[in-house]
Amino acid sequence: MIYPKRQLILTAAAAILAGCVLHFLYEWQPSAITALFSPVNESLWEHVKLVFWPFLGAALLLNRDRPGGARPWLLVLPGLCALTLILGWVYHVALGGEALWVDIAIYVLVMLLGFWLATRFSGPFKGGKWVLPIVAVIALALLIGWFTLYPPEGLLFRDLAAVGSWLPLPC
């Protein structure tokens, strides 16, 4: 799909800023509703919301008059969320990093990568296999909701600001 460069840049910037605002939404207005869209703590899993919701909104906005146009964006979205978790795990858990600027850089780079990847696909997007990205995004949204309300045990869901982020390394 071809998108006007200006529209794509403005939408990417708006999505990145929306994620920044979402980071503090729950702190400003704590409720079960805002918890579904905003991180309730500093766990790696909760920060997936900062990529998921703004990127999904941008995809739907950019493709509102393009039948099937959101499909490549929906294909990219679960991968971006996985990449966010992987990079967060490596930086915070494996390396013990705690610098805010690195978190922001990871977030911005993941979002920009998503916008770039989604525009690399070209149609037509037909057939049953293109239902899979839609199913994956719906499943991810349900997992975000479930794990927000009922977080399981595990380092992925633990508030790293409260417990620290180092994994003991074997000597």
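Count residues from 1 along the sequence. Predicted, not measured: the structure shown is a model, and the values here were computed from it.
Taking CG of L117 as the reference point, atom CG of L77 lies at 12.0 Å (rounded to 0.5 Å). Between the CZ atom of F55 and the CG atom of L60 there is a distance of 10.5 Å, given to the nearest 0.5 Å. To the nearest 0.5 Å, atoms CG (L44) and CG (L85) are separated by 6.5 Å. How far CG of L83 is from CG of L87: 4.0 Å, rounded to the nearest 0.5 Å. From C20, atom SG reaches atom CG of L25 across 13.0 Å, with rounding to the nearest 0.5 Å. To the nearest 0.5 Å, atoms CG (L74) and CG (L132) are separated by 12.0 Å.
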**Request:** Please assess W89 against L155 for the test side chain to side chain contact (heavy atoms under 4.5 Å, CB included), listing each intermediate value before the final yes or no.
**Result:** CA-CA 9 Å; W89 183 278; L155 194 54; 3.8 Å; yes

**Asked** Yes or no on side chain to side chain contact (heavy atoms under 4.5 Å, CB included) for F52 and V137, after CA distance, side-chain angles and deciding distance?
**Response** CA-CA 9 Å; F52 184 83; V137 168; 3.8 Å; yes

**Item:** Check against side chain to side chain contact (heavy atoms under 4.5 Å, CB included), T34 and W28
**Value:** CA-CA 9 Å; T34 58; W28 296 331; over 6 Å; no

**Message:** Between F147 and L156, does the side chain to side chain contact (heavy atoms under 4.5 Å, CB included) criterion hold? Intermediate values first, please.
**Reply:** CA-CA 11 Å; F147 291 154; L156 189 63; over 6 Å; no

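Taking each heavy atom of P39 and Y26 in turn, the nearest pair found is O-CB, 3.6 Å. Contact record, W53 with A141: CH2-CB, 4.2 Å, taken as the closest heavy-atom pair. Looking at every heavy atom in both residues, R66 comes nearest to P4 through NH2-CD, 4.3 Å. When all heavy atoms are compared, the tightest approach of P72 to W130 is N-CZ3, 4.1 Å. L61 approaches R64 most closely through the heavy-atom pair O-NH1, 2.6 Å. Of all non-hydrogen atoms in V40 and A35, the two that sit nearest each other are CG1-CB, 3.4 Å.
With sequence neighbours excluded, the residues that form a side-chain hydrogen bond (donor to acceptor under 3.5 Å, both in side chains) with S43 are N41.
Checking L140, V135, L142 one by one against I138, the side chain to side chain contact (heavy atoms under 4.5 Å, CB included) holds for a single residue, L142.
A donor-acceptor pair is defined here as one N or O able to donate and one able to accept, closer than 3.5 Å; such a pair exists between the side chain of Y91 and the backbone of A99.
Clustering ILVMFWY residues whenever any of their side-chain heavy atoms sit less than 4.5 angstrom apart, transitively, puts V131 in a cluster other than the one holding L56. Linking Ile, Leu, Val, Met, Phe, Trp and Tyr residues whenever their side-chain heavy atoms come within less than 4.5 Å leaves L100 and L17 in two separate clusters.
By the neighbour-count criterion of 12 heavy atoms within 6.0 Å, atom CD of Q7 is densely surrounded, having more than that number from other residues, nucleotides or ligands. More than 12 non-hydrogen atoms from other residues, nucleotides or ligands lie less than 6.0 angstrom from CG of L149.
Looking only at side-chain heavy atoms (C-beta outward), V48 and L143 stay at 4.5 Å or farther from each other.
By the 30° and 60° cut-offs, the orientation of the rings of H47 relative to H23 is tilted. Using bins of under 30°, 30° to 60° and over 60° for the plane-to-plane angle, the ring pair F157/W45 lands in the tilted bin.
Listed by first and then second residue, the side-chain hydrogen bond (donor to acceptor under 3.5 Å, both in side chains) pairs involving residues 140-151 are K49-T148 (not counting sequence neighbours).
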Side chains of residues 106-116: which donor-acceptor partners sit under 3.5 Å, not counting sequence neighbours?
from, atom 1, to, atom 2, distance (Å)
Y107, OH, A15, O, 3.4
Y107, OH, I16, O, 3.1
Y107, OH, L50, O, 3.4

